[in-house]
Colleague: 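Below you'll find the structure I mean.
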Amino acid sequence: MAWKALDDMDLKGKRVLVRVDINVPVEGGRVTDPTRIRRIVPTVNDIVKAGGTPILLAHFDRPKGKVVPGMSLEQVVPALSQELGRDVVFIDGDYGSRVSALGEGEVALLENLRFNPGEESNDKGFAERLASLGDVYVNDAFSAAHRAHASTEALAHLLPACAGRLMAEELGALEKALGNPERPVMAIVGGAKVSTKLDLLGNLVRKVNHLVIGGGMANTFLAAQGIDVGKSLAEHDMTDTAREILDKADEAGCEIILPHDVVVAREFKADAESEVVDAKKCPSDAMILDAGPESVERIGKAMSGCRTLIWNGPLGAFEIQPFDAATNAAAAIAAERTRSGELVSVAGGGDTVSALIKAGVAEDFTYISSAGGAFLEWMEGKTLPGVAALES
Ligand code: ADP
Ligand code: MG
């Protein structure tokens, strides 16, 4: 990988512009979940330890280039100070003079960058203004790296640039999972719809040895094979696309694993009456809400021959019991194999992260990415502008 790490930079006496993602949930002016803040602590504190002055650059919500007082980053300052264990100087308005007044070892946070239209338009002038505030640029916001914005892209070209600790950790995990993985590799792709994950499936069939398709999207693949899926969630206008993906997999020598048996119910509610049936025999008045136990066994068997697992999308409607069973069982197998050192397991995606936390395996996976859209685009094989800018 061609990017520099924090330890490659001389930070002593330098003002260090650090792009972070602290777009945390806030209710009534208070941060309700500081997870994202916690993850940038090592980078910020290591910059201070190395004698630098971190100046944090971040966005909050979607003010669309205008000043929206309710979207000020000032409301994040108390939680940020608490997690860092240091006071944070909040700087809004004209940054220049306030930034030059910062002393060594102080930590500053600039007001929501998206208050300025130049941020989202990747404006060179805005990036130059930001660059004039610092000597070094650190990007620690992998989750914002799929967007070419002034603070994630243009700015990286204007100063000596490197990846922060969190960014480096994330890139390292992704490289191990799909860039240069130990083979065989299994991918599990589930979730609601094929249409949102076409690029993902198209990229994975070329890169992995086994592709498990689950969740609502598996129904579309079953329908593509002429199977009646009853009242299941399925995109009947996507069956041609599903067939193309199957052909592509065939050409690439990628084994596709579709549900063999399924859990069906007439109602989509907690503890609804359900039964396990052959995937080819969904009753016409029922819907498929999860993969069945035989399918899980197959997945487990294929996984036992694999060295790497990459996972996006639950295998069933995991929010509601008992339709979380297949997701939980597959997660438990992956966790067990990861603990024993046989498997590298990397997962990401909003609902996937919730599902794996719910399954109680989040700690056992090699890496769980909280980067959402950026993780998906990376899995789709796309170049992330924020990462590419660090590499040049
Ligand atoms: P992620 O956010 O991890 O990328 P998705 O948003 O693609 O995942 O998919 C998650 C959603 O898919 C969940 O809300 C889950 O209930 C739904 N889902 C999974 N399987 C089914 C199914 N068989 N029928 C209906 N919905 C399903
Ligand atoms: Mg989702």
Side-chain angles (χ1 to χ4, degrees), residues 143 146 174 177 187-204 211-224 227-236 238 242 257-272 274-277 279 282-283 285-293 295-296 299 309-331 334 345-359 361-362 365 367-380 382:
S143 49
H146 57 314
L174 299 186
I188 299 179
V189 178
K193 293 181 168 180
V194 175
S195 53
T196 59
K197 296 196 174 168
L198 272 182
D199 291 344
L200 179 63
L201 294 166
N203 187 42
L204 289 177
L211 174 61
V212 175
I213 300 178
M217 71 164 69
N219 303 337
T220 304
F221 280 86
L222 295 174
I227 294 168
D228 177 10
V229 294
K231 294 207 159 40
S232 305
L233 171 71
E235 294 168 286
H236 293 282
M238 296 294 291
I257 302 177
L258 277 164
H260 192 65
D261 56 346
V262 291
V263 180
V264 300
R266 267 98 188 156
E267 286 175 293
F268 184 32
K269 61 168 206 204
D271 302 314
S274 64
E275 56 181 321
V276 176
V277 299
C282 174
D285 63 342
M287 53 198 153
I288 300 172
L289 290 170
D290 198 12
S295 306
V296 173
I299 295 169
L309 169 70
I310 181 152
W311 187 344
N312 169 261
L315 291 174
F318 76 98
E319 296 94 337
I320 293 184
Q321 274 186 354
F323 312 113
D324 55 349
T327 302
N328 290 345
S345 52
V346 175
D351 292 295
T352 309
V353 175
S354 313
L356 295 179
I357 290 172
K358 196 163 161 268
V361 302
F365 269 56
Y367 194 74
I368 295 199
S369 169
S370 54
F375 175 81
L376 273 180
E377 287 198 23
W378 177 85
M379 259 181 99
E380 288 165 358
K382 294 191 178 137

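Excluded from the calculations below are hydrogen atoms, water molecules and symmetry mates; all remaining heavy atoms, backbone and side chain alike, are included. For ligands, and for the atoms within them, numbers begin at 1 and follow the listed sequence.
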Colleague: Pull out every atom of ligand 1 sitting under 4.0 Å from any heavy atom of G349, numbered as shown with elements.
Modeller: 3 (O)

Colleague: Enumerate the atoms of ligand 1 whose separation from the nearest heavy atom of G350 is less than 4.0 angstrom.
Modeller: 2 (O), 3 (O)

Colleague: Measuring only between side-chain heavy atoms, which start at C-beta, is L289 closer than 4.5 Å to V263?
Modeller: no

Colleague: Taking the Mg ion (ligand 2) as the centre, how many protein N/O/S atoms fall inside a distance shorter than 2.8 Å?
Modeller: 1

Colleague: I'd like the name of whichever of K197, K193, M217 reaches closest to atom 5 (P) of ligand 1 through any heavy atom.
Modeller: K197

Colleague: Please could you name the atoms of ligand 1 that T352 approaches to less than 4.0 Å, counting only its heavy atoms?
Modeller: 1 (P), 3 (O)

Colleague: Is a donor on one side and an acceptor on the other found under 3.5 Å between the side chain of S369 and the backbone of A371?
Modeller: yes

Colleague: Which of the numbered atoms in ligand 1 are under 4.0 angstrom from any heavy atom belonging to I288?
Modeller: 22 (C), 23 (N), 24 (N)

Colleague: Under a 4.0 angstrom heavy-atom cut-off, which atoms of ligand 1 come close to G216?
Modeller: 19 (C), 20 (N), 21 (C), 22 (C), 23 (N)

Colleague: Among G316, P314, A347, which one has a heavy atom closest to atom 18 (N) of ligand 1?
Modeller: G316

Colleague: Do L233 and ligand 1 have an N or O pair less than 3.5 Å apart?
Modeller: no

Colleague: What distance separates N219 CG from C282 SG, expressed to the nearest 0.5 Å?
Modeller: 8.0 Å

Colleague: So if I count the atoms of ligand 1 from 1 in the order they appear, which ones are less than 4.0 Å from some heavy atom of L289?
Modeller: 23 (N), 24 (N)

